[in-house]
Every structure is written in structure tokens, then in C-alpha cells.
There are 2 protein chains.
Amino acid sequence: MNLKQLSQKLGLSQTTVSRALNGYPEVNEATRLRVERAAAQYHYRPSTRAKGLATGKALAIGHVIPISSKHEMVNPVFGDFIAGAGDTYARHGYEMILCTADDAQEEQVYRGLKARRAVDGVVVHGPRLDDSRIRLLHEIGLPFVVHGRSSGATLPYAWLDVNNRHAFQRATDFLLDLGHTRIGLINGMEFMDFAHRRRDGYTIALLGRGIPIDPAIMRSSEMTEVFGYQSTRDMLTLDNPPTALLCASLISALGARRAVEEAGLVMGRDVSIITHDDDLSYLKNGDDIPIFTATRSSVRAAGARLAEILLAAVADPDLAHQNVLLEAELMVGRSTGPAPRKD
Amino acid sequence: MNLKQLSQKLGLSQTTVSRALNGYPEVNEATRLRVERAAAQYHYRPSTRAKGLATGKALAIGHVIPISSKHEMVNPVFGDFIAGAGDTYARHGYEMILCTADDAQEEQVYRGLKARRAVDGVVVHGPRLDDSRIRLLHEIGLPFVVHGRSSGATLPYAWLDVNNRHAFQRATDFLLDLGHTRIGLINGMEFMDFAHRRRDGYTIALLGRGIPIDPAIMRSSEMTEVFGYQSTRDMLTLDNPPTALLCASLISALGARRAVEEAGLVMGRDVSIITHDDDLSYLKNGDDIPIFTATRSSVRAAGARLAEILLAAVADPDLAHQNVLLEAELMVGRSTGPAPRKD
DNA sequence: TCGCAATTCCAAAGCGCTTTGGATGCAACT
DNA sequence: AGTTGCATCCAAAGCGCTTTGGAATTGCGA
């Protein structure tokens, strides 16, 4: 069923039917009702493609998923983020289109999206320090919102981010208050902006108490379980091992816990662990009492919120770039305790 | 830059330029070269929308992600599956469009996709027993491929699945060969087809050795870490606790390990664990030596393969429904060992 | 020199929608 | 009665592409 057929069935012109369905004022209320009923009855839905062609809008938002070329890794938060954003798009009549791209193709993918007029805007995932995509998207004139931020970017841009620096500063302070002075950091890759900021927070807190930064207990890589495990195992064999660890993700925290327990130590007593927790649906941090003390911020909620911002920007390109900074919540769980006394 | 502008720049008609770009034979090789060069120079890319309108194809494949309405959970394998499929689509010039839908909206989402002519085909995620979507998609005439299968479906359909029954039968046999007779099952939700089949495999293996099925050591729910933990903790307090566990996912296996260690037991000695492993990029089962003995099958490879099947089906609707059954690999790791002797 | 087929190109229609620029009818004013 | 102003509706153009049904040009044999 298309517009033409529907309008014939109703004995009206396509113009009138189109207007009735799109809420224009120049159509009689009775007529509109008749049209709407018929549309529902025949399951009429305008073709997104045709509508897009006619209006010059794509009625779609693009998500370009970076695939780390080294580890071919997909960010595990991605599913939940999409779930949040998807709801918003659907409510506004937008499609969500996905592309995957490793570092090498990235620019071509964005350019292609623009040239094919496939999307009205994109969300930039996994921003790096001084991310080149910000310049690129400005250049090709494609509206975008960054999930995260990019330190060093000179152009203005819209973003939604968690206050990673503050979260990790606070988490480090929490450990310091418990008497820990040897605090290890198991971070994500530090060319990623979020990891860079977390490291900053960690550093600031330590220096604030006059504790020197020790690279021997700072690791940075893809946030896998194995990485958390190996880093922890290594650090625990040091002469002066950490009594507390800060992990960048629940997954690497699970690895850290494995190493702690394998070493015959008890988490929360011998070694305290704090992790960031994206509140993923399939990886909850325990039930009522959190397994890990954690800085929590729902990535799903972030997805929903970011989608709203992008749609607003698409609707009105002159709108000022919106910036949203979410604070992470510090959830105290069973993985932290006072620093063990040195005997 | 659009077709009209490009053809004017070249002094050719739109017809000729279009044909040159799409590889039709009725255009001089020299002309074609000239056109291709100009297209590259001006970064011309035909509008997907317009092309779709003209050809009657959407040039897009839909993925409808079921969001469990109870737990609002997104399947964690989703990201990797998409990464695999995305490559294939991109190579064939297709877009991937995503929708999320909880159980209540599901039918409307598929119907909407069809009515809006937004996609040429869809992949069905997370099939349940006798899944109603198979009937629905047949009815509305939207090509599809199921990731998994649906026991009880009467209509024929294309699918790609892991041989879950065989994998779990083999895993159970492996444990039986090690002398285990009390083997617990920590399964996914059993209205999901994959979980149902895994349970079948488990049951068949046990009955094959004359061991009775004991519901007290069989659990089934969303495959979270917490579920793995709680199930294991509960089972270990039984009078006759299991000496081995079969987990449906690496995530719940991590929870199972936590419970085992918390009980002061050693994995691989006191309690053996085998898990299914989807070979997710962010959750590798160890490095060289697997952490867990596991039945492994890459969900990413499955995504790539399934996309090929769907595109073939879209290209030729008369094609027979393709069915692909992948065998999982049994990787022996450090989580399994001979059954502890009863003293 | 002409005719014919093959080669190479083009004008225009059509895909399903929106939107511009009227047309029509009717009540309310002069 | 003639005009005006609304309220409704419509025909047709246009979005950027593909594709049908020719048209022009060329090469070649008769």
C-alpha cells in the first residue's frame, strides 16, 4: 500500500492524504480522521526512502563502531549504549544505521555516509586524544555528538561524557582515606580520552597527598579479563606490591580478582579493588550489595540522552553545541577495606 | 555532487554515467574510465535513498534486537555478531539498520520495517521455541535468516546455528569420562532455543550413562555473573553437591568460579567447570591455555557467514532456505580435572 | 553509393513521497 | 450582485537515481 493507492481508496488527492497524515492544518478534521483510520486499517506507512528523497533528510542516524585493528575488539558497552539510543530514535521516527570501521577506513566511512546522504548525523564512539574525526566531521559538515570528549580538540563540538577524572580522583581518595598508599592502576588504552582522564584523576589524587607516581604499578591496555589478571599478577610479585587497585572496567576487575585469589589473598582485606562500572545489563556488579566498590554510570542512559542531543542538533543546525557531563556514583561494595597494616 | 551535476561536468547524459558506474556493457571502455575517474575525483557516491527508490530495493538489512522486557538485558554477543555481519554488508554495498524491541512491540517492529520498505531482509536474533516471528515473517514476506533455530517451527526457514546439543553432550561426556557423576547445569533461559538444546545434550549424555536427571542441580535464567554465582553457591550447599558444572556462558562461568573459590574450593580440582565460549573479543577465555575448558564457537564468524546467506537469499528469493550447522570446538583448559574421590 | 547491424549515447518516464501554486466552493461583507 | 476571505482540496513539479525505448554514429559488405 502506497500513498497513491491509499488516496485513490479514499477518493482524495495524494496531497490531502499526505497533509492529513503529517498534521498540516489545511485539512478538515473529519477528513483527517477518515484518512488516519484508513491508514491504520491498510497498515499504510510512508516509505522512509521516498520521504527522505522528497524532504532532503535521511531520517537516519549513523553509528560508526571503531574496531580496534590490533585486537579486533568491539567495545563491550556498545550493545547497551545502542539499546538506550535506539529507543529515542524510534520514538522520533528515525532509523539507526550502523557501520563498522577499523582505524584505517574510518575517514572513508564517514565521508561515504555523507556522500551517500545516508544519515542526518552521526555519533562518534570511542574518542581519542585530539581525535581527527572532529575536524573531519566539521569539514564535511555532518552533525555529530561525541560519546566522551577529546582533549586537545580545538574546534567546538557537542559531547556527552562521564566525569572520568573526578570519578577516579574520588575513587583514589576513597582508597587513600582507607590508608592505602600503594595503589595500582589498571587502565584502558591511554590514547583513548576516557582512559587519559581517569589516569589524570588518579594522579591528581595521589599527588594531592604527596604520594609519588610509580609507573611500575600502572598498566594500560584493552580492558579484557586476561589483561586485568596478568597486570595484577605481575604487580603482586613486585617487592612493594600494591594493596589496592583501580580498574577501568568490570571485566578487567574480574581478572584482577582472579589474580588476587590465585595468589592466596583475599579481596577487600589484602587487596582492595575499585572499578568503573558501566552498569551493563549482562554484567551487573552484584545484586543489592555490589561485588566491587565502583564508580558507576549507566551507559544505557547515556545512549538515550546522547540521542536526544543529536536529534535536537539535527533538527536545528544553528543550535549551540550541547555539552553534558554526567557524574559517576561511588558505590561502596565488598571489595574495599582498610589498608593491611605492615607487620 | 549528484548524478546530474557529474554528468554535466562530463558532457554526458545521466544514463551513460549511471551505466558506466554500474558496469553495464553498452558504454565505451574509454568513456567508462573517464567517468570513473571523475566520480572518484569529485567523491561522487550515488544516494542510497534515490537508488533504492529507483530500483525498488532498500539496500539495507535489518537487525531487530530483542530486549528482554524483564531484565532489560541486551545479549552480550550482540556486538561481536554485528561486527562480523557489518563487514559483509559493507562489502556488498548494503547498510545495516538496527531496531530494538521488547517482546510486546516485536511484531509491530517487523511489520513496520516491511511497511516502510526500510529493509530487504532481516536477521532474527535470539530465537525461542516455536518462535512466532518465523510465521510472521513468512506472512509479511520479508526474507530472513535466523541466528539459531526454533524447535517446533513447522514452516521451513533459513538458519545458521551452533550444534548446541552436540556441544553440551560432548562436554558432559568429557566430564563423565573424568569420573564426575554429579554434574550441575547453569543454563540460559530455557524458552530460548539454544538453551533448550544445550539441556537436551546434557540430558542425553547423562542418561546414556544411566545417571538420573536431578532438577536440584539444574538452573536456568539470564546468563549473568550474579546468576552463575548464586546458582553455584546454592548447589554447593546441597547434601550431595555437584563436582562439576556446565555453564552456558563465560560470564556466568566467572560467577560460578567466584562461588567455588569463595567456598574455599579449587576450580579444576574440587569442582570442574566447562562453559560455552562465544569467543567474544572483549572476553577471551584466557590466552594460550584457556582459563575454562570450553565449547567454543566464534559468534563473530557466525555473523559474517549469516550475512552472506541472507544477502544471497535477498538476491534470489527463490533460493532454497540455507541451513548451516557449526560445530563447537572443545578446548581443554585448566578448569577441569578428575572427579575428586569420595572419602 | 547505399543499406544494415553494431556500437554508443540520450531523453524521458517512473520509483513514492512532499510541497508549491493554484482552483473551487461557500459564507460573509460591501 | 460583486467582491473578499476562508476553508478545502488538487495537479504537477521535484527529490536523485535507474531503465526503457529510441536516436545518432560508425564500420562494413554489396
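In the text below, chain A, chain B and the rest are named by the order of the sequence lines, each starting its count at 1.
- Rotation axes derived from the C1' atoms of the five outermost pairs at either end of the helix from C/dT1-D/dA30 to C/dT30-D/dA1 lie 80° apart, to the nearest 10°.
- Distance B/L3 CG to D/dT19 P: 12 Å, rounded to the nearest Å.
- Proximity note for B/E26 (side chain, C-beta onward) versus C/dC9, D/dT19, C/dC17: the nearest is C/dC9.
- The side chain of A/T55 approaches C/dT18 more closely than any other nucleotide in the set D/dT18, C/dC10, C/dT18.
- Taking atom CD of residue B/Q8 and atom P of nucleotide C/dC10, one finds them 12 Å apart after rounding to whole Å.
- The side chain of A/Q14 lies closest to C/dT18 when the candidates are D/dC9, C/dC15, C/dT18.
- Projected onto DNA chain C by closest heavy-atom contact, B/N28 and B/A54 fall at different nucleotides, the more 5' of which corresponds to B/N28.
- Going from atom NZ of B/K57 over to atom C1' of D/dT19 covers 16 Å, rounded to whole Å.
- Between B/F144 and B/Y157, the ring planes lie parallel to each other; the angle is under 30°, not in the 30° to 60° tilted range.
- Across the protein-nucleic acid pair, A/K4 atom NZ and D/dC10 atom P stand 15 Å apart, rounded to whole Å.
- As rounded to whole Å, 13 Å separates atom C1' of D/dC15 from atom CD of B/Q5.
- At a cut-off of 3.5 angstrom, the base of C/dT19 holds at least one donor-acceptor pair with the side chain of A/T15.
- Picking from C/dC10, D/dT18, C/dT19 the nucleotide with the shortest atom distance to the side chain of A/S18 gives C/dT19.
- Toward the 5' end of DNA chain D, the nearer of the two residues B/Y24 and B/L53, judged by each one's closest nucleotide, is B/L53.
- Put simply, CZ on A/R116 is 13 Å from P on D/dC17, counting in whole angstrom units.
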When you look at B/R305 and B/E308, which way does the salt bridge (charged side-chain N to carboxylate O under 4.0 Å, His left out) test go after all the steps? CA-CA 5 Å; B/R305 181 84 181 275; B/E308 298 280 4; over 6 Å; no
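- Nearest nucleotide to the side chain of A/S13, out of D/dA11, D/dC17, D/dT8: D/dA11.
- A close approach under 4.0 Å does not occur between any side-chain nitrogen or oxygen of B/S47 and OP1 or OP2 of D/dC17.
- Listed nucleotides: D/dT19, C/dG14, C/dC9. Nearest to the side chain of B/L12: C/dC9.
- Using bins of under 30°, 30° to 60° and over 60° for the plane-to-plane angle, the ring pair B/Y282/A/Y282 lands in the tilted bin.
- Using modelled atom types, no side-chain atom of A/R149 and backbone atom of A/W159 make a donor-acceptor pair closer than 3.5 Å.
- Taken from NE2 in B/H63 to OH in B/Y89, the straight-line distance is 3.0 Å, to the nearest 0.5 Å.
- Atom C1' of nucleotide C/dC15 and atom NZ of A/K51 are separated by 17 Å, given to the nearest angstrom.
- Using modelled atom types and a 3.5 Å distance limit, the side chains of A/D80 and A/S281 yield a donor-acceptor pair.
- Set against C/dC17, C/dC10, D/dC9, the side chain of A/A50 has C/dC17 as its closest nucleotide.
- Checked against C/dT19, D/dT19, D/dG16, the side chain of A/R117 finds its nearest nucleotide in D/dG16.
- Here the CZ-CD1 distance, from B/R300 to B/I82, works out to 11.5 Å after rounding to the nearest 0.5 Å.
- Distance CZ (A/R32) to C1' (D/dC9): 13 Å, rounded to an integer number of Å.
- Residue B/R19 has its side chain nearest to D/dG21 when only D/dC9, D/dT18, D/dG21 are considered.
- A side-chain donor from one of B/S151 and B/D193 sits under 3.5 Å from a side-chain acceptor of the other.
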